[in-house]
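What you see below is based on every heavy atom in this structure, not just the backbone, and it leaves out hydrogens, waters and symmetry mates. Read the numbers this way: they start at 1 and go in the same order the structure lists the ligands and their atoms.
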Amino acid sequence: YQLENHRIYYGNIKDGEEVVDECIVLIMKGPHSYTKEDVVEIDCHGGVTVVYKVLNLVLKNGARAAEPGEFTKRAFLNGRIDLSQAEAVMDLIDSKNEMARKNSMTQLKGGLSDKIKQLREEIIYQIAFIESALDDPEHYSLDGFPEKLLEEDKKWITIAKEMLDSYDNGRIIAEGIRTCIVGKPNAGKSSFLNALLGEERAIVTDIAGTTRDTLEESVTIDGITLNIVDTAGIRDTEDKVESIGVERAKKEIESADLILFLMDTSVQISEEDIEILQRIRDKKKIILLNKSDKATEESGFEQSALKEYISEETPVISISAKYGDGIDNFIMELKNMMFHGRIDVNQEVYITNARHKDALAKTYESLECVERSIEAGMPEDFFTIDLMNAYEKLGLIIGESVEEDLVNEIFSKFCTGK
Ligand code: GDP
């Protein structure tokens with residue numbers, strides 16, 4: 001009998017005469033569906049056996065299991081969304097924190113695509129104008145054109161540059177801040193880590209695919225994700241002897257976005273502290289003066305001695321890892337520092353995808369070539385080559401003229417079921 005579109009039906013799933021489960025079934029006829037194709041969704045009771053049986057029954061009757069990302073890939077191939085939006089679906093599913101989720105959602109809604117499409121439109125208009133003028137000089141004049149194009153080109157360069165620059169923050173939003181906690185033995189590194197993980201607001205996640213001896217913990221507080229790198233076993237109570245100095249710690253410090261240096265203010269500054277300060281001299285860092293509860297005049301900790309090793313902007317915060325004091329200040333400082341007090345996921349689109357960044361970098365280069373050609377007084381047909389390059393590179397972001405292999409590779413990273 002005739003089933004109505006976009007209705008939910010209630011009934012039994014039957015294998016011959018046997019009722020397998022009591023379900024609801026959703027009918028969505030193309031093009032008003034996720035993939036633009038006809039879609040039926042079955043909502044059955046959970047559990048392994050029921051789902052297995054229903055699935056088998058569907059497969060027996062001619063369905064095929066979807067490949068990872070197949071639904072989204074079809075949505076892309078059928079033109080419902082472009083490639084950057086499809087990638088945003090994956091980012092959305094993977095999002096580690098609220099900011100990452102918002103940014104992915106903006107991209108899914110076309111925030112990035114719109115910007116790219118606008119740029120492409122403007123570029124192709126100028127290419128077409130040059131071509132027409134060269135073909136038909138009687139009706140189109142190129143007098144004064146290079147100056148006008150230069151102005152446009154500079155505007156495009158600024159836009160491309162802004163998008164490229166957003167990648168630093170974008171990566172931090174999406175992936176988290178690669179953070180290294182350093183400090184001499186007993187400075188309170190593990191206590192601090194525990195204080196962070198134990199924060200009521202903290203969401204702690206295991207990072208999949210990383211071994212225990214490289215990445216230890218990922219903690220999200222107030223929308224900021226810290227991927228805390230363990231330097232030489234800060235949580236390893238057996239072996240606290242060499243908490244710095246080992247090769248690995250050095251490497252971790254080098255690749256970290258942020259160093260948290262814990263100092264024990266209940267004792268004097270030691271050689272080891274100085275050694276660490278020197279090593280992290282060029283890194284983005286926050287100095288945490290720990291054991292504020294225990295420090296007294298007599299302790300002999302001279303904060304002024306730090307000046308020689310850190311710049312004025314380096315935040316220095318008093319905390320007590322043991323009692324949780326100062327953690328709020330730390331979080332506040334962290335936000336200021338990483339996003340320079342200006343991050344607005346509601347207004348801006350942040351580039352989070354390395355593929356997009358790469359295409360933008362190439363676009364930027366081509367646009368710069370255009371600028372140089374104009375300034376060098378080259379003939380107009382020279383501009384079109386680089387303009388065309390920029391146009392094509394931008395097209396890669398939204399999936400215009402993208403090769404099939406790349407499309408397959410992008411979607412293969414999706415989780416099954418979407
Ligand atoms: P790590 O070697 O740097 O990991 O240091 P731990 O976190 O193991 O701390 C060393 C010792 O200092 C432990 O006995 C902690 O209880 C103590 N400790 C850590 N932080 C504080 C603090 O803020 N105040 C006080 N009074 N003791 C602390």
Side-chain angles (χ1 to χ4, degrees), residues 177-202 204 206-207 210-219 221 226-254 256 258-281 283-303 305-306 309-310 314-334:
I177 304 166
R178 206 177 152 82
T179 310
C180 216
I181 304 177
V182 296
K184 65 188 173 195
N186 274 322
K189 298 180 293 300
S190 27
S191 307
F192 175 68
L193 183 56
N194 286 330
L196 276 187
L197 299 178
E199 262 285 308
E200 261 174 51
R201 297 166 292 169
V204 182
D206 286 332
I207 301 171
T210 52
T211 54
R212 199 203 160 272
D213 61 328
T214 53
L215 270 181
E216 185 85 346
E217 225 79 56
S218 173
V219 53
I221 304 176
L226 293 177
N227 297 323
I228 298 174
V229 187
D230 183 10
T231 57
I234 50 173
R235 303 195 88 190
D236 194 340
T237 45
E238 301 289 292
D239 177 26
K240 277 191 185 164
V241 189
E242 252 220 324
S243 60
I244 58 155
V246 283
E247 278 310 305
R248 203 178 74 219
K250 282 190 204 162
K251 264 198 222 137
E252 300 293 9
I253 288 173
E254 244 160 68
L258 175 71
I259 308 289
L260 304 179
F261 178 29
L262 263 94
M263 301 188 83
D264 183 346
T265 56
S266 68
V267 294
Q268 289 181 3
I269 294 180
S270 68
E271 282 285 316
E272 264 175 306
D273 290 316
I274 301 294
E275 199 184 305
I276 299 173
L277 279 167
Q278 279 166 336
R279 184 166 298 151
I280 61 174
R281 188 163 223 151
K283 300 294 297 185
K284 205 171 253 193
K285 55 186 163 294
I286 297 179
I287 314 280
L288 296 168
L289 303 179
N290 191 31
K291 309 198 188 179
S292 59
D293 59 287
K294 199 174 157 195
T296 57
E297 289 269 312
E298 290 78 56
S299 313
F301 185 89
E302 298 267 2
Q303 194 181 328
L306 292 175
Y309 305 94
I310 59 175
T314 306
V316 180
I317 302 162
S318 271
I319 61 161
S320 165
K322 192 170 180 176
Y323 299 106
D325 302 334
I327 302 286
D328 268 353
N329 287 342
F330 162 70
I331 305 275
M332 211 164 69
E333 205 49 69
L334 189 66

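- Short contacts between ligand 1 and S191, defined as distances under 4.0 Å to a heavy atom of the residue, involve ligand atoms 6 (P), 7 (O), 9 (O), 15 (C), 19 (C), 20 (N).
- Closest heavy-atom approach to atom 2 (O) of ligand 1 within the set D264, N186, L262, V182: this belongs to N186.
- Note: no N/O pair closer than 3.5 Å links S292 and ligand 1 by distance alone.
- Residue contacts with ligand 1, taken as heavy atom pairs separated by less than 4.0 Å, involve K294 solely via side-chain atoms from C-beta onward.
- Checked by atom type and distance alone, the side chain of K189 pairs as donor or acceptor with a backbone atom of G183 at under 3.5 Å.
- The contact set between ligand 1 and K322, taken as ligand atoms under 4.0 Å from a residue heavy atom, comprises 20 (N), 21 (C), 22 (C), 23 (O), 24 (N), 25 (C), 26 (N), 27 (N), 28 (C).
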- Item | Worked verdict on S191 versus N194 for side-chain hydrogen bond (donor to acceptor under 3.5 Å, both in side chains) | CA-CA 5 Å; S191 307; N194 286 330; 5.9 Å; no
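- For F330 and F192, the distance between ring centers is under 6.0 angstrom.
- Not a single N or O atom of P185, backbone or side chain, sits closer than 3.5 Å to an N or O atom of ligand 1.
- In terms of polar-atom proximity, defined here as any N/O pair under 3.5 Å, S190 does make such a contact with ligand 1.
- Side-chain contact between L196 and I228 is present, with heavy atoms from C-beta onward closer than 4.5 Å.
- Close to ligand 1: A187, with a non-hydrogen atom less than 4.0 angstrom away.
- When the salt bridge (charged side-chain N to carboxylate O under 4.0 Å, His left out) test is applied to K285, no partner is found at least two apart in sequence or on another chain.
- Side chain of N290 to backbone of A321: a donor-acceptor contact under 3.5 angstrom is found.
- Considering backbone and side-chain atoms together, I319 places no N or O closer than 3.5 Å to any N or O of ligand 1.
- For S266, the side-chain contact (heavy atoms from CB on, under 4.5 Å) test picks out D264, K291, K294, with sequence neighbours left out.
- The atoms of ligand 1 that sit less than 4.0 Å from any heavy atom of K189 are 1 (P), 2 (O), 3 (O), 4 (O), 5 (O), 7 (O).
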